[in-house]
Amino acid sequence: MAALTEEHFSSLQLLLKAPSKDAVRQMCADSFPSGAAESQRLADRTSGTLDVSHAEARQLIAALHVLSRYVLFHNLTSPEQILAIFPENFHSSLKNLITKVLLEHSPTWRSYAIANQISLPRLVEIDWRVDMKTASDSVNRMAVPTCLVHMKVQDSPCVGGSDPPSSVTVELSRETLDTMLDGLGRIRDQLSAVAGK
Amino acid sequence: MYFSLTEILFQFLLEPKETERFLRQVNEFAGENGMSAGPLRNLVKSMLLVPHGALKKSLTAVQVKEDLLTLGLNEDKALHFSNQWSVHYPVLSRLAIGQTLMVNQLVDMEWKFGVTVGTSEIQKLGNIFLQLKLVIRKGNTTENVYMELTLPQFYNFLHEMERAKASMECFS
């Protein structure tokens with residue numbers, strides 16, 4: 001993760017040229033996602049809004065990106081913690097505004113980062129059906145219940161996860177379902193024990 | 001002699017995968033009793049049709065005995081066979097049901113759960129995750145499916161499986 005430097009903070013002062021507080025808010029939000037620093041369109045828009053050169057716009061976006069990621073990584077949740085990062089001579093009102101905007105966005109950014117972290121394929125949906133087998137080639141008449149479970153799994157979004165979800169359907173006999181519920185029950189008990197600590 | 005042949009037959013019915021052992025026992029039987037193995041094997045193959053048909057129709061021991069008498073077997077032998085039938089029937093019928101087609105049968109489930117301590121985006125975290133590995137039989141091979149669940153997803157999964165089980169219990 002890139003470190004916050006003096007250049008970043010001097011780029012941030014370009015925000016003084018912003019037409020409104022909402023513009024600052026918007027620019028902060030737009031600079032957070034991964035591809036923001038490379039985005040041509042964002043740089044164009046920013047340079048238009050602030051009436052600065054393209055290069056300056058890119059530096060500003062990069063600075064906002066590094067700052068927002070820094071706040072997220074270190075989980076800075078109080079104004080004092082964020083204000084402390086800024087250098088002494090930084091414009092006071094701008095500092096307060098940026099701090100406020102960062103605090104506003106933090107919860108959303110945190111959820112987004114958690115939802116997009118690397119993981120095994122995620123279970124997205126589960127459906128089931130219980131059937132009654134009434135006959136087969138080896139037995140003319142029977143009454144055996146069986147369960148079909150359909151699970152939709154999706155690769156984590158950061159692992160080229162624009163793939164459509166894949167699905168798997170499994171058949172469980174009654175014994176298998178009982179055993180599985182046994183196992184799941186044990187997991188639940190252990191989870192409660194951990195949560196209770 | 002008839003009794004030991006019946007015993008060989010039932011042994012095979014109870015363990016249908018032991019074909020080599022079955023053939024060996026039939027050959028030995030032929031040797032011990034001065035018969036040629038070939039005709040005996042054919043005979044035994046026809047004899048197997050009786051229990052297979054009886055399983056298919058879920059016949060009781062009494063019905064099996066009647067069928068054997070109709071086929072021309074004498075009283076003693078038919079009685080012996082039907083007695084053996086009632087002794088072994090529970091296991092045999094469970095085997096027959098167990099052979100019923102199952103698609104993508106779940107064979108095994110392994111799991112682990114833990115805590116995510118941090119990521120490259122967030123230095124300190126404390127989220128619980130659960131990872132499941134499902135082993136599924138597809139034809140002759142097995143396939144492993146891996147997935148991860150968050151806590152809410154786990155509780156939902158557990159809830160759905162309990163509902164499925166309740167639904168199954170309704171039918172018994």
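By convention in this document, chain letters (A, B, ...) are assigned in the order of the sequence lines, proteins followed by strands, and residues within each chain are numbered from 1. The model shown is predicted, which means the values in this text are computed figures rather than measured ones.
Once rounded to the nearest 0.5 Å, the distance linking NZ of K152(A) with CE of M147(B) reads 13.5 Å. The distance from atom CG of L151(B) to atom CG of L191(A), rounded to the nearest 0.5 Å, is 5.5 Å. Taking CH2 from W128(A) and CZ from R163(B), the interatomic distance works out to 5.5 Å, rounded to the nearest 0.5 Å. Atom CE of M168(B) is separated from atom OG of S173(A) by 7.0 Å, given to the nearest 0.5 angstrom. Taken from CG in D182(A) to CE in M109(B), the straight-line distance is 9.5 Å, to the nearest 0.5 Å.
Contact count versus chain B (heavy atoms, under 4.5 Å) is highest, among A143(A), S136(A), G185(A), S166(A), for S136(A). Ranked by heavy-atom pairs under 4.5 Å with chain A, the list D108(B), L106(B), N156(B) is led by L106(B). When each of I126(A), T179(A), I187(A), D178(A) is checked for heavy-atom pairs under 4.5 Å with chain B, I187(A) comes out on top. For the options K133(A), R141(A), R129(A), heavy-atom pairs under 4.5 Å to chain B are most numerous at K133(A). Residue with the most contacts toward chain B among S138(A), A113(A), A135(A): S138(A) (heavy-atom pairs, distance under 4.5 Å). Heavy-atom pairs under 4.5 Å with chain B peak, among N75(A), T146(A), D131(A), at T146(A).
L12(A) and L103(A) fall within the same hydrophobic cluster, defined by Ile, Leu, Val, Met, Phe, Trp and Tyr side-chain heavy atoms under 4.5 Å apart, directly or through other members. Following chains of ILVMFWY side-chain contacts shorter than 4.5 Å, one can reach I128(B) starting from F157(B), so the two form part of one hydrophobic cluster. Transitive grouping of hydrophobic side chains (ILVMFWY, heavy atoms separated by less than 4.5 Å) brings F3(B) and F29(B) into a common cluster. Clustering ILVMFWY residues whenever any of their side-chain heavy atoms sit less than 4.5 angstrom apart, transitively, puts Y2(B) in a cluster other than the one holding L49(B). Linking Ile, Leu, Val, Met, Phe, Trp and Tyr residues whenever their side-chain heavy atoms come within less than 4.5 Å leaves V124(A) and L149(B) in two separate clusters.
Looking at M180(A), both its backbone and its side chain come within 4.5 Å of chain B, counting heavy atoms on both sides. Contacts between Y146(B) and chain A at a heavy-atom distance below 4.5 Å involve backbone atoms as well as side-chain atoms. For E162(B), the parts sitting under 4.5 Å from any heavy atom of chain A are the backbone and the side chain alike. At a 4.5 Å heavy-atom cutoff, the contact between Q131(B) and chain A is made by side-chain atoms alone. Contact annotation for R137(B): neither backbone nor side-chain heavy atoms come within less than 4.5 Å of a heavy atom of chain A. Residue D127(A): no heavy atom, backbone or side chain, is found under 4.5 Å from chain B. Proximity to chain A involves both the backbone and the side chain of M161(B), based on heavy atoms less than 4.5 angstrom apart.
Here the shortest heavy-atom pairing between R188(A) and F154(B) reads N-CZ, 3.9 Å. Nearest heavy atom pair, residue A164(B) against residue L177(A), reads C-CD2, 4.1 Å. Scanning both residues, Q153(B) and L123(A), for their nearest heavy atoms gives NE2-O, 2.6 Å. Here the closest heavy-atom approach between residue K124(B) and residue R110(A) is recorded as O-NH2, 3.7 Å. In plain terms, the two heavy atoms of T119(B) and Q117(A) that are nearest each other are CG2-OE1, 3.4 Å. Here the closest non-hydrogen pair linking L120(A) and E148(B) is N-OE1, 3.1 Å.
Side-chain contact between L181(A) and L158(B) is present, with heavy atoms from C-beta onward closer than 4.5 Å. N140(A) is not listed as a side-chain neighbour of S58(B), based on a closest heavy-atom distance of 4.5 Å or more. With a 4.5 Å cut-off on side-chain heavy atoms, L72(A) and I122(B) count as touching. Counting heavy atoms from C-beta outward, L134(B) and M151(A) have side chains that approach closer than 4.5 Å.
Heavy-atom neighbours of E7(B) CD from other residues, nucleotides or ligands within 6.0 Å: at or below the threshold of 12. Within a 6.0 Å radius of CD in Q40(A), more than 12 heavy atoms belonging to other residues, nucleotides or ligands are found.
Among the residues in residues 81-105 of chain B, those with a non-hydrogen atom closer than 4.5 angstrom to a non-hydrogen atom of chain A are A96(B), I97(B), Q99(B), T100(B), L101(B), M102(B), V103(B), N104(B), Q105(B).
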